[in-house]
Amino acid sequence: MRRGWTTGACAAAAAKSACSALLTRTFLDPVIITLPNGTTPAFALAEAVLDEAAARAGIIKDAGDDPDVTHGALVRASVSRAEPGAGVVFRAGPGVGMVTRPGLPIPPGEPAINPVPRRMIREALAEVAAPLRVAGDFVVEVSILDGEELALRTLNGRLGIVGGLSILGTTGIVIPYSCAAWIDSVNRGIDVARALGLPHVAGCTGRASQQAVRALHELDEVALIEMGDFAGGMLKYLRRHPVPRVTVAGGVAKMTKLAQGRLDLHSGRGIVDLAALASFAEKAGGPASLGARIEAAGTAAAAFALARADGIALGGAVAEAAWDVAAGLLEGADIALEILVFDRDGVLAGRAGFRPVHKFRSGSTPARKRRR
């Protein structure tokens with residue numbers, strides 16, 4: 001799979017070329033920057049505009065084979081001189097958001113340009129200014145064409161980033177289908193909730209479970225953490241950065257996987273163990289004949305339908321087993337944990353109510369041993 005470049009890398013390259021044009025009247029094209037790992041990629045300019053007071057360069061973001069919402073976006077940087085001693089001043093242009101809530105790496109009131117991209121931009125400008133013996137005092141305005149519209153397809157609004165996208169990246173490199181960016185957004189969501197003093201967050205596998213748990217608990221949108229398939233990553237982060245009450249919610253298939261001890265709930269990481277579902281049904285009081293039909297059902301949804309037709313609370317048994325697995329990851333934290341299992345219509349199919357995880361005992365359930 002082909003790798004690509006982050007918005008931060010594109011912004012740094014655009015800023016470096018614009019700075020060169022501001023100081024020498026010549027744009028660098030291609031423009032070479034140094035990434036945090038020392039590699040030196042080259043970027044071709046898609047736009048170059050120069051006047052007496054400022055220079056602007058634009059680069060089309062290439063995210064490689066990653067399904068990145070900003071793939072193909074035009075990332076621009078406009079550079080002008082700042083007051084002596086000001087250093088590098090960052091501004092959000094059209095399509096780049098502003099931070100409005102605490103808990104993110106950048107404080108409220110600042111452009112949503114993360115720390116590593118800021119450092120990359122500073123270093124890129126210094127590479128141009130230092131050989132010319134010019135003080136490194138510049139105003140850098142970063143913008144993204146149609147960024148405000150693209151931001152509607154991200155979690156920025158929930159994190160309190162308004163008006164556009166974030167300029168992201170810790171390495172400058174986009175790794176195709178990497179889970180790192182998603183897990184980072186989960187962690188930042190928890191950070192924001194903690195900074196706002198929210199007593200309750202809900203990690204949900206998707207939009208349907210988000211809507212259902214929000215309606216059940218009347219939670220603020222900021223309290224909803226879209227964990228996707230990364231239940232293990234979210235729970236491990238919460239153990240180190242606890243919130244008093246935590247709900248883990250999802251559909252029948254993904255919550256069954258969690259109950260089986262799987263911490264990555266992606267369909268490609270393993271299928272639902274129908275034999276385990278049959279065992280859960282037996283624990284819920286179902287007859288052996290139901291277990292046999294569940295093992296032959298083919299899908300988790302079909303298994304739940306069979307149990308429901310027989311009046312067996314399969315969802316409750318799955319929720320309790322999932323609670324044990326999740327509590328094992330949170331063990332030692334001052335957290336009350338709840339598990340919710342919803343069917344595909346958003347109807348509550350099973351619930352393990354809030355209980356403090358510090359009362360969990362290692363080895364008290366086979367689910368803990370099944371954890372991967």
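In what follows, every heavy atom counts, from backbone to side chain, and hydrogens, waters and symmetry copies are set aside.
Here the options are His217, Gln210, Gln211, the test is side-chain contact (heavy atoms from CB on, under 4.5 Å), and the partner is Leu224; only Gln210 passes. Among Glu127, Glu123, Met120, the single residue meeting the side-chain contact (heavy atoms from CB on, under 4.5 Å) criterion with Lys16 is Glu127. Between Ser166 and the options Asn114, Thr154, Asn156, a side-chain hydrogen bond (donor to acceptor under 3.5 Å, both in side chains) holds for only Asn156.
Side-chain heavy atoms closer than 4.5 Å link hydrophobic residues (I, L, V, M, F, W, Y) into clusters, and following such links, possibly through other members, connects Ile312 to Met255. No path of Ile, Leu, Val, Met, Phe, Trp and Tyr side chains, each step under 4.5 Å between heavy atoms, connects Ile113 with Val192, placing them in separate hydrophobic clusters. When hydrophobic clusters are built by joining Ile, Leu, Val, Met, Phe, Trp and Tyr residues whose side-chain heavy atoms come closer than 4.5 Å, directly or via intermediates, Ile339 is grouped together with Phe230. In the hydrophobic clustering of ILVMFWY residues, with side-chain heavy atoms under 4.5 Å counting as a link, Leu74 and Leu28 come out apart. Put simply, Val134 and Val128 are part of the same group of oily side chains (I, L, V, M, F, W, Y) that touch within less than 4.5 Å, one to the next.
Remark: Glu338 does not engage Arg245 in a salt bridge, criterion side-chain N to carboxylate O under 4.0 Å. Look at Asp191 and Arg194 and you find no salt bridge, because none of the NZ, NE, NH1 or NH2 atoms lies under 4.0 Å from a carboxylate O. Ion pair Glu52/Arg25 flagged as a salt bridge, since at least one NZ, NE, NH1 or NH2 atom sits closer than 4.0 Å to an Asp/Glu carboxylate oxygen. Under a 4.0 Å N-O distance rule, the pair Arg214/Asp220 does not qualify as a salt bridge.
Side-chain contact check for Leu216 versus Leu340: some heavy-atom pair is nearer than 4.5 Å. Between Ile173 and Thr6 there is no side-chain heavy-atom pair separated by less than 4.5 Å. Side-chain atoms of Leu290 and Leu306, non-hydrogen and from C-beta on, do get closer than 4.5 Å to each other. For the pair Pro111 and Met98, the minimum side-chain heavy-atom distance is below 4.5 Å. Under the 4.5 Å side-chain criterion, counting only non-hydrogen atoms from C-beta, Leu35 is in contact with Ile33. Contact annotation: the side chain of Cys204 approaches that of Val213 to within less than 4.5 Å [non-hydrogen atoms, C-beta and beyond]. At a threshold of 4.5 Å between non-hydrogen side-chain atoms, the residues Asp324 and Glu320 do not count as touching. In this structure, Arg119 and Pro36 have side chains that are in contact, with non-hydrogen atoms separated by less than 4.5 Å.
Here CZ of Arg262 is found 11.5 Å from OG1 of Thr256. Values are rounded to the nearest 0.5 Å. Taking CZ of Phe27 as the reference point, atom CG of Leu45 lies at 7.5 Å (rounded to 0.5 Å). Interatomic distance, CG of Asp310 versus OG of Ser289, reported as 6.5 Å (0.5 Å rounding). The distance from the OG atom of Ser80 to the CZ atom of Arg56 is 12.5 Å, given to the nearest 0.5 Å. Of the inter-residue distances, the one linking Leu235 atom CG with Leu330 atom CG reads 5.0 Å to the nearest 0.5 angstrom. In this structure, the separation between CG on Leu125 and SG on Cys19 is 5.0 Å, given to the nearest 0.5 Å.
Formation of a donor-acceptor pair under 3.5 Å by the Trp5 side chain with backbone atoms of Ala63 is not found in this model. Judged purely by atom type and a 3.5 angstrom limit, Ser20 uses its side chain to pair as donor or acceptor with the backbone of Thr26. Formation of a donor-acceptor pair under 3.5 Å by the Thr40 side chain with backbone atoms of Ile32 is not found in this model. Between the side chain of Asp51 and the backbone N or O of Ala54 there is at least one donor-acceptor pair closer than 3.5 Å. Looking only at distances, no side-chain donor or acceptor of Asn187 sits under 3.5 Å from a matching main-chain atom of Met234.
The shortest non-hydrogen separation linking Ala202 to Leu219 is CB-CD1, 3.8 Å. Looking at every heavy atom in both residues, Val75 comes nearest to Ala14 through O-CB, 4.2 Å. Contact record, Leu258 with Val325: O-CG2, 3.3 Å, taken as the closest heavy-atom pair. Taking every heavy atom of both residues into account, Leu314 and Ala303 meet most closely at CD2-O, 4.0 Å. Across all their heavy atoms, Ile294 and Ala281 have their closest contact at CD1-CB, 3.6 Å. Considering all non-hydrogen atoms of both residues, Leu23 and Ala129 come closest at CD1-CA, 4.1 Å.
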Item to complete: Just do the side-chain contact (heavy atoms from CB on, under 4.5 Å) check on Val142 and Val140 with the steps written out, would you?
Response: CA-CA 6 Å; Val142 182; Val140 179; 4.0 Å; yes
Check the pair Thr100 / Ile161 against side-chain contact (heavy atoms from CB on, under 4.5 Å), numbers first and verdict last. CA-CA 6 Å; Thr100 65; Ile161 297 170; over 6 Å; no
Worksheet entry | Evaluation steps, side-chain contact (heavy atoms from CB on, under 4.5 Å), between Leu277 and Val318 | CA-CA 8 Å; Leu277 265 182; Val318 168; 3.8 Å; yes
### Message
Is there a salt bridge (charged side-chain N to carboxylate O under 4.0 Å, His left out) between Asp137 and Arg81? Walk through the geometry before answering.
### Response
CA-CA 6 Å; Asp137 302 315; Arg81 300 302 297 270; 5.9 Å; no
Assess whether salt bridge (charged side-chain N to carboxylate O under 4.0 Å, His left out) is satisfied between Asp229 and Lys257, documenting all intermediate values.
-> CA-CA 10 Å; Asp229 296 317; Lys257 288 184 180 182; over 6 Å; no
Candidate pair Phe138 and Leu22, rule side-chain contact (heavy atoms from CB on, under 4.5 Å), full reasoning:
CA-CA 10 Å; Phe138 299 102; Leu22 180 70; 4.2 Å; yes
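Around CD of Glu47, the count of heavy atoms belonging to other residues, nucleotides or ligands within 6.0 Å exceeds 12. More than 12 heavy-atom neighbours from other residues, nucleotides or ligands sit within 6.0 angstrom of CD on Glu110. Open room surrounds CD on Glu218; 12 or fewer heavy atoms of other groups in view lie less than 6.0 Å from it.
With 3.5 Å as the limit, one finds no donor-acceptor pair spanning the side chains of Thr205 and Lys254.
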